[in-house]
Amino acid sequence: MKRLVINGGAGRMGQAMAQAFSQIADFAVVALVDVHEPANLFGAAYYSSLDALEPDTVDVVIDFSNPNGVVSSATWCASHAKGLVIGTTGLSADQRSAVTGAASSTGVVMASNFSLGAVLADRFAAMAAPYFDRVEIIELHHDKKVDAPSGTSQSTAQAITASLQKAGKAVLPDPTEKFSIEGARGADAGSGIKIHSVRLPGLVAHQEILFGGPGEGLTIRHDSYDRQSFVQGVAIAARFVSSVPGLVEGIDSLLD
Ligand code: NAD
């Protein structure tokens, strides 16, 4: 039985994780930590700070808070040798350094998308990339998301870039020279891959990876309709993570 604390436990993801994990036999949710009091506790205790926790009652911290909350989770887990699973996105370089620093003293799994379908979509995109001239990513999320582009789309772009580099290929240069409206071609993910971000009410998390080659196109689309889509992946990470130091980025390597 792994005893979990959810940092950001009052948020949309925190509440979804608390509800789901309170019903999975090999987990117990012992505490929800958040700067705001959660609407539902699902049998757990509420604390406004990780520092109020009794370390002996905790095995793993799951973080779906915000980038400052991640730094608190990383600091607390490193000082008490507790496993840490991070789902929060939008970290600055300094905040990322706090995570990599913590991983030299304890185990950390950090993933921009815990849904298994999204992980598989990245695998399929990496397989397809060397066979197409161009690729663009459209990521679509709910209208409360504060960071853009999504962490998932950036990870997808990295997976495609790595695959292209391995194959000794690159996407063709963008021919656009004249912009009637700046930004119309989206953001460059750094390797010529464009990312377009859409924010609308009613959406959860969706992504299309569009490949184009001579006379054909291939679209790989993934949809998270509900936050339950992230539970299986978080559970895989929480079962894996321990106080053994090291950082695992993405859950691809944890899937059988
Ligand atoms: P949300 O705004 O609903 O919830 C965030 C919660 O964190 C809020 O309750 C807020 O009060 C709390 N919080 C803010 N600062 C804090 C701090 N310093 N310490 C503790 N708690 C703090 O957001 P959400 O939709 O639940 O998303 C949370 C994060 O998870 C975002 O970064 C989002 O991009 C990410 N996310 C990741 C995945 C994934 O698969 N990796 C999936 C969905 C969302």
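One is the number of the first residue; the rest follow in order along the sequence. Atoms within each ligand, like the ligands themselves, are counted from 1 in listed order.
Distances shorter than 4.0 angstrom occur between a heavy atom of A111 and an atom of ligand 1. Distances shorter than 4.0 angstrom do not occur between any heavy atom of G90 and any atom of ligand 1.
Of all the atoms in ligand 1, the ones that sit under 4.0 Å from a non-hydrogen atom of K145 are 34 (O). Within ligand 1, the atoms closer than 4.0 Å to a non-hydrogen atom of F114 are 39 (C), 40 (O), 41 (N), numbered from 1 in the order shown.
E37 contributes no side-chain N or O that, together with a main-chain N or O of Y46, makes up a donor-acceptor pair within less than 3.5 Å.
Nearest non-hydrogen protein atom to atom 2 (O) of ligand 1 is R12 NH2, 3.7 Å. Counting only heavy atoms of the protein, atom 15 (N) of ligand 1 lies nearest to N66 ND2, 3.2 Å. The protein atom (non-hydrogen) at minimum distance from atom 5 (C) of ligand 1 is S65 O, 3.6 Å. The protein heavy-atom contact nearest to atom 20 (C) of ligand 1 is N7 OD1, 3.3 Å. Distance from atom 19 (N) of ligand 1 to its nearest protein heavy atom, with residue and atom name: G69 CA, 3.8 Å. Among protein heavy atoms, the minimum distance from atom 32 (O) of ligand 1 is reached at T89 N, 3.0 Å. For atom 38 (C) of ligand 1, the closest heavy atom belonging to the protein is F64 CE2, 3.7 Å. When hydrogens are left out, the protein atom nearest atom 35 (C) of ligand 1 is G87 O, 3.6 Å; that is the closest non-hydrogen contact.
Using a 4.0 Å cut-off between charged nitrogen and carboxylate oxygen, D94 and R96 do not count as a salt-bridge pair. Using a 4.0 Å cut-off between charged side-chain N and carboxylate O, K2 and D26 make no salt bridge. Here K145 does not pair with E139 in a salt bridge; the nearest charged N to carboxylate O distance is not below 4.0 Å. Salt bridge absent: K194 and E136 never bring a charged side-chain N and a carboxylate O closer than 4.0 Å.
For the residue pair T176 / D174, a side-chain donor-acceptor distance below 3.5 Å is found, with atom types taken as modelled.
Within 6.0 Å of CD in Q232 there are 12 or fewer heavy atoms belonging to other residues, nucleotides or ligands.
Counting heavy atoms closer than 4.0 Å to ligand 1, residue S150 contributes nothing at all.
Taking the six-membered ring for Trp, F132 and F211 have ring centres closer than 6.0 Å.
An N or O contact shorter than 3.5 Å links G11 to ligand 1 by distance. Residue contacts with ligand 1: H36 is placed with a nitrogen or oxygen under 3.5 Å of a nitrogen or oxygen of the ligand (distance criterion only). Taking distance alone, with nitrogen or oxygen atoms compared against 3.5 Å, D34 approaches ligand 1 more closely than that limit.
Applying the side chain to side chain donor-acceptor pair (under 3.5 Å) rule to N40 yields no partners; only residues at least two apart in sequence or on another chain are considered. Residues meeting the side chain to side chain donor-acceptor pair (under 3.5 Å) test with D59, sequence neighbours left out: R3.
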